[in-house]
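All remarks here apply to the structure that follows.
By convention in this document, chain letters (A, B, ...) are assigned in the order of the sequence lines, proteins followed by strands, and residues within each chain are numbered from 1.
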Number of protein chains: 4
Amino acid sequence: MTISAGPEIGVGLLGPAGVGRAHAHAYRLLPLVFWPPPARTRLMRLCGRDKARTEQTAARFGFETAGDRWEELVADPGVQLLDNCAPNAMHAAPCLAALDAGKHVLCEKPLGRSRAEARALRDAAVAAGTVHMVGFNYRFLPAVQLARRLITEGRLGRIYHFRARFADASFLDPDAPFTWHQDAEAAGSNALLDLGSHLIDTARYLVGEPAAVTGAARIFTPDRPDPSTGRRRRVETDDAFEATLEFTDGALGNVAGTNYAAGRRAHMSFEVNGARGTLVFDLERLNSLWMHLVDEAPSGGGLREIHVTEADHPWGGSWWPPGHGVGWEVSMVHELCHLLAAIAAGRPVAPVGATFEDGYRCAVVCDAILEAARTGRRVAVHY
Amino acid sequence: MTISAGPEIGVGLLGPAGVGRAHAHAYRLLPLVFWPPPARTRLMRLCGRDKARTEQTAARFGFETAGDRWEELVADPGVQLLDNCAPNAMHAAPCLAALDAGKHVLCEKPLGRSRAEARALRDAAVAAGTVHMVGFNYRFLPAVQLARRLITEGRLGRIYHFRARFADASFLDPDAPFTWHQDAEAAGSNALLDLGSHLIDTARYLVGEPAAVTGAARIFTPDRPDPSTGRRRRVETDDAFEATLEFTDGALGNVAGTNYAAGRRAHMSFEVNGARGTLVFDLERLNSLWMHLVDEAPSGGGLREIHVTEADHPWGGSWWPPGHGVGWEVSMVHELCHLLAAIAAGRPVAPVGATFEDGYRCAVVCDAILEAARTGRRVAVHY
Amino acid sequence: MTISAGPEIGVGLLGPAGVGRAHAHAYRLLPLVFWPPPARTRLMRLCGRDKARTEQTAARFGFETAGDRWEELVADPGVQLLDNCAPNAMHAAPCLAALDAGKHVLCEKPLGRSRAEARALRDAAVAAGTVHMVGFNYRFLPAVQLARRLITEGRLGRIYHFRARFADASFLDPDAPFTWHQDAEAAGSNALLDLGSHLIDTARYLVGEPAAVTGAARIFTPDRPDPSTGRRRRVETDDAFEATLEFTDGALGNVAGTNYAAGRRAHMSFEVNGARGTLVFDLERLNSLWMHLVDEAPSGGGLREIHVTEADHPWGGSWWPPGHGVGWEVSMVHELCHLLAAIAAGRPVAPVGATFEDGYRCAVVCDAILEAARTGRRVAVHY
Amino acid sequence: MTISAGPEIGVGLLGPAGVGRAHAHAYRLLPLVFWPPPARTRLMRLCGRDKARTEQTAARFGFETAGDRWEELVADPGVQLLDNCAPNAMHAAPCLAALDAGKHVLCEKPLGRSRAEARALRDAAVAAGTVHMVGFNYRFLPAVQLARRLITEGRLGRIYHFRARFADASFLDPDAPFTWHQDAEAAGSNALLDLGSHLIDTARYLVGEPAAVTGAARIFTPDRPDPSTGRRRRVETDDAFEATLEFTDGALGNVAGTNYAAGRRAHMSFEVNGARGTLVFDLERLNSLWMHLVDEAPSGGGLREIHVTEADHPWGGSWWPPGHGVGWEVSMVHELCHLLAAIAAGRPVAPVGATFEDGYRCAVVCDAILEAARTGRRVAVHY
């Protein structure tokens, strides 16, 4: 039987663990759910620092070759798409080289460790004219997409508030080892870029552009045991941050991130309040969206839970019967599906997906928050 | 690189839609998550009534051949495992033939439309000596497995109550078309076998054997439009049932199923109360288990939610980071993984998985409930 | 300033603790909230077994006299309303005497320990021609009353299901002392009459008359320490029950009660499913009602929480601002307010409140459940 | 019978509606629950602007006289306690006069419309040497008190975060009439003083002193219909605010208030994260506290709900049986009970209750937030 899927796209994946593994998983999962897929993918190269582990992962997901030098991946003319899931410090060089080589690029968030780094990447992507995307995968959760649909349709009316928090307990233990997230050079920042960037992208996605920010950041644990030396090493990046967002259209909001919230594991939650209604989301219950519409309950209090699993919901009918929830990885599958369709059609991933421009703008807001935290001043957001 | 997985098992899948599609999906997903898998699978034959659709599905999931005659599937010596996801009326004949041919068999629930049919299948499986399993997939949800672990470890003490309900709204519309579920010959019964069998298996899995049942059943919509004739056809099977369960060890419980619960989509929920604690589960929030342990809160009220996504939870660490939920399909992936391991090792799927003996016992309880509903009498459960 | 309230009604209260204390509290609270009250009450006599404690309670709530002989209370011509909150065995004699003396009577549930006892009380009340009421106070919770309003208005359409459970942990400890609830002569039955009677009244209030029942009951702890003897005494009444209800209009349901549910304290919850919607209530969150209306979400899953504290809700605006919840005792205040208005107007408390006829019918259903549990047979409900 | 309660305290209440009514209610309710009460109260004078309505309310709650001039109330030597529930602009003058006359004073929050006004009141109270209290009633909810107990006992360890929001929808309608809350002279500020002051007091009560703040405020509806003129009048006060709190001990937090949150009615919620656990509260479910203790679930996610109705909980056993929730007004009853005990014992209400010092400190933080919002700068909190 002839497979009626679109063109074949050679993929090179940088980073075999964490989000990299999730992407590898998603490439394989995609055509099982979205058939025919917008494009076939050929998993050509997997690149990681630990050669043995990379080879093992390559075998598991069916990559044709495994290596430990990203330069080889970028040099391979068969690789049309660089999927960069490496740590923050490894975002720029491979992406720039790939863009320079005329490849499409998917870069895991954050795009850069600073506004300047993100701007260079954005500029290079624009210059390259290829398809570029930043891995703000939560845009691709059905409930988040439904939230965007409802807001875009005007169901909430003028937006007054956006409040979001990403809280987990991953560094609650003061003896949890030092990682690259605590290294300013390697990470840029920690809670802000790792957790907060998702919130800022969601704010921009659902509500619009922040005009100014104030806020504060904290290091709660001054040093942590460094596995490579056996000694404690000074923590250089934020364990937590709080920021007030003032949006260009007058809405007022807050974003906050922390790795110090006992009992919270992936508590990425937000609330949007508009003139006609309210939306509430929590990643730990990702198949639901809570809603209150003034039209439904003019004088009332209380939220309506929506199981976002119906045929008329975003990506509805693609997975399981209504009420049978999906997992976190569908955000990756939907993201890649959208990216492949964009590549196949030669169009940008915007406005549904996040481009390098979105990645750059997120970096601008992050830098503004860091500056506000450092100086204690309201910092205007200028892109 | 040499794949270090176990032996290769030829699979023939009967039923390309619904649970069949979910199984096909799970065969492909399994080695992405459990690596090396306990056995490699070769998807040899997919069999369905609609030839075109079956061929399309075969292509999508990589089956080598597609056909519309199950006899060919059973006759293929390369097929070592029959995975029977056909409608209820098509469970017995293919399974019996496959067992007779010395194949391993996974039969979707319910095993039979009646106690007699299920017994014949059980007897044949025992006689064949191959590995046999019934698709009670909810055993393989992390939260259900954690519930079993807690009960088995004695954390709940002596069990007093098991209450469970499976409610959706799939036939709430009186003009929803007649399906084979409303046909007594084809289905056996409807809410009882389709929804209730899951509850009965869960009751047996977590608490033990029912000794006697009472109850009632209802048809709310006497006839439905038959798409094949354009006329309304008499509904012959139960739209809903209620049953009281009296367990051999003294516990008292209730199971209920309905397709007439507005706002409920996959509301398979249960509560277990024991001398030392309580457990609550709801399939619509499948990543959570709610618990109250007397030891934790001697005099108190209220439940503790457990996000069943930790490394030390069942199948923990196999999927995503803690707090990042999984979807309904993991029940299938875990089920098939357990089945393949049993086949590779030449051991039964019990006690973790459901054997044909479990399928038979579930049928005995279902028949007892129907008899109790019909006669208004308490019916003893004799296996 | 002249108090514009209605006539003054002399009240005699039997039972100074538990529900009796809550009633005393409610008489005093009522005119603070409902002003002018439908009638003024004069708290004339409080009667209890423990003379010292009764005198103390009388002082606290402003009763004019305290005593330990109910006969004196009934003999007092100034007492126009007997409020009988004594244990079950003390319901009949004082109520009968009061009715015989032409007094109005409020009798705490259950009306009688058996169908026969309840019938005698019902007959006497009808013969007396005074106002009679049974203390099914949950009818008077705003959320329950809203549920009734929605059902009565047809918002749920034809009712298919009513399921309710009353679960607490009050006898989970096998060494909790023997009380009169475990004494068959004193209590009639335990979980059934104490907890189940509320559920049965709610079923009748919201859905209609049960036509037949099946079920089972259990004693989990065979004996308990008797504080009066220091020895263990045999438990004679049910620790828990399960019953299937078949309603006259075809609806199918379940009621269950237990004192053996760890972590549950006052978990009186119910769900009603109709052709157009679903309602869910839980006493442990008594200010909320959860609802799904097909009209609001035609194809969807999920419930909408309603904070039942709005001005247009039952008793709305009488208590606190919207969203500021009320406590359990408002059920008593509303109940007494309704009773006093009925007395003042010389009209029965039906259909909003429960009459002795309702109390009798509840007893009939309870006896039917006990018979069904004993015999294993479906028992028809004949009033 | 001799009432064994403490001394009799003459009460003058200023403000017959809203919180004033709730206080009147609470004075009457108190001795029904806490018996003997720490002191008897004699409701001597009720003072309000609308004479007829004040007389009606006085009759309802049993005040001896009703008037419309607070000066008379303060001049009455029989009034030992001024309970000032008047609008913000009427806090200072009556309180100062009462303190000058040697009376005890309970002043509704906020103590003053500005730091200066609050300081003058605090200084006068200290000079008077009488008992003074500010009506931060949420301190007296059982769940909030339990939170304080757990934190004080060190169960949460070092505190990292405090986040709180008070959201309702009371001014969501842009045509809702102008009230004194929108008048800067009358109110000081709106969302900040009306809602935010509760959050700031809770932050100080549970976590400690804020050292610095940043933030922003918004007016969403520039003018509203003024009922007194029939024309729209300019809104002068904040409809909403967001503030970042930096605590002296290093904790980082956020407080936010808004009247523009559809579906929210009294959503005063907070979360506290410490090294050993997390607490979550929501006023719309005031009988519950959610908790996660690392000791209970070392590696886990999810919260445990505590029904704060047990005998060993704050004010446990005073109201209803476990699981039978209380209403919002218990915060007032407990507050008054504590105040009367303090008066009877001649001791301050601190540290359980809020003194004028607490009211002053809250005003300092509020002014700091307003300054931070106006200037865009981090403002240090100096008391």
Side-chain angles (χ1 to χ4, degrees), chain B residues 156-158 160-161 163 165 167-169 172-174 212 214-218 220 239-246 250-254 256 258 260-267 271 273-278 280 284 290-294 297 300-304 372-373 375-379, chain C residues 156-158 160-161 163 165 167-169 172-174 212 214-218 220 239-246 250-254 256 258 260-267 271 273-278 280 284 290-294 297 300-304 372-373 375-379:
Chain B
L156 262 64
R158 173 186 169 193
Y160 292 125
H161 296 295
R163 284 171 58 82
R165 189 189 193 202
D168 66 31
L172 186 61
D173 179 354
T214 54
R218 280 288 176 280
F220 293 124
D239 284 326
F241 77 95
E242 285 277 354
T244 297
L245 301 188
E246 304 178 55
L252 184 62
N254 162 275
T258 184
Y260 283 72
R264 302 298 198 180
R265 299 306 250 151
H267 183 52
E271 176 164 342
N273 307 112
R276 309 300 306 155
T278 282
V280 175
E284 293 184 341
W290 283 264
M291 175 172 79
H292 180 95
L293 292 184
V294 173
L303 304 178
R304 175 151 80 86
T375 63
R377 304 219 175 161
R378 175 180 291 139
V379 175
Chain C
L156 262 65
R158 174 186 168 192
Y160 292 125
H161 296 295
R163 283 171 58 83
R165 189 188 192 202
D168 64 31
L172 186 62
D173 179 354
T214 54
R218 280 289 175 279
F220 294 123
D239 285 326
F241 77 96
E242 286 277 354
T244 297
L245 302 188
E246 304 179 55
L252 183 63
N254 162 275
T258 185
Y260 284 71
R264 304 298 198 179
R265 296 307 248 152
H267 183 52
E271 176 165 342
N273 307 111
R276 311 298 307 156
T278 282
V280 174
E284 292 183 342
W290 284 264
M291 175 172 78
H292 180 95
L293 292 184
V294 173
L303 305 177
R304 175 151 80 85
T375 64
R377 304 218 177 165
R378 175 180 291 140
V379 176

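Glu284(B) pairs by the side-chain hydrogen bond (donor to acceptor under 3.5 Å, both in side chains) definition with His307(A), not counting sequence neighbours.
In this structure, chain B has no heavy atom under 4.5 Å from any part of Val379(C). Of the atoms belonging to Ala266(C), not a single heavy atom falls under 4.5 Å from chain B.
Glu242(C) has its side chain out of reach of Glu246(B): every pair of non-hydrogen atoms, C-beta onward, lies at least 4.5 Å apart. Here the side chains of His161(C) and Arg165(B) are in contact, with some heavy-atom distance below 4.5 Å.
The two residues Ala262(B) and Asn273(C) come nearest to each other via the heavy atoms N-ND2, 4.5 Å. Between Ala216(C) and Arg378(B) the shortest heavy-atom distance is CB-NH2, 4.3 Å.
Of the inter-residue distances, the one linking Phe220(C) atom CZ with Leu252(B) atom CG reads 5.5 Å to the nearest 0.5 angstrom. One distance of note links OG1 of Thr278(B) with CZ of Arg264(C); it measures 7.0 Å at 0.5 Å rounding.
Between the Arg218(C) side chain and the Gly250(B) main chain, a donor and an acceptor come within less than 3.5 Å of each other.
Ring geometry, Tyr260(C) versus Tyr160(B): the interplanar angle exceeds 60°, so the pair is classed perpendicular (tilted spans 30 to 60°).
Ranked by non-hydrogen atom pairs under 4.5 Å with chain C, the options Gly263(B), Ala372(B), Ala167(B) are led by Gly263(B). Taking chain B as the reference chain and counting heavy-atom pairs below 4.5 Å, the highest number among Thr258(C), Val280(C), Leu293(C) is found for Thr258(C). The greatest number of non-hydrogen atom pairs below 4.5 Å with chain B, out of Ala169(C), Gly253(C), Gly274(C), Ala243(C), is found for Gly253(C).
A donor and an acceptor atom, one from each side chain of Asn254(C) and Arg163(B), are located under 3.5 Å apart.
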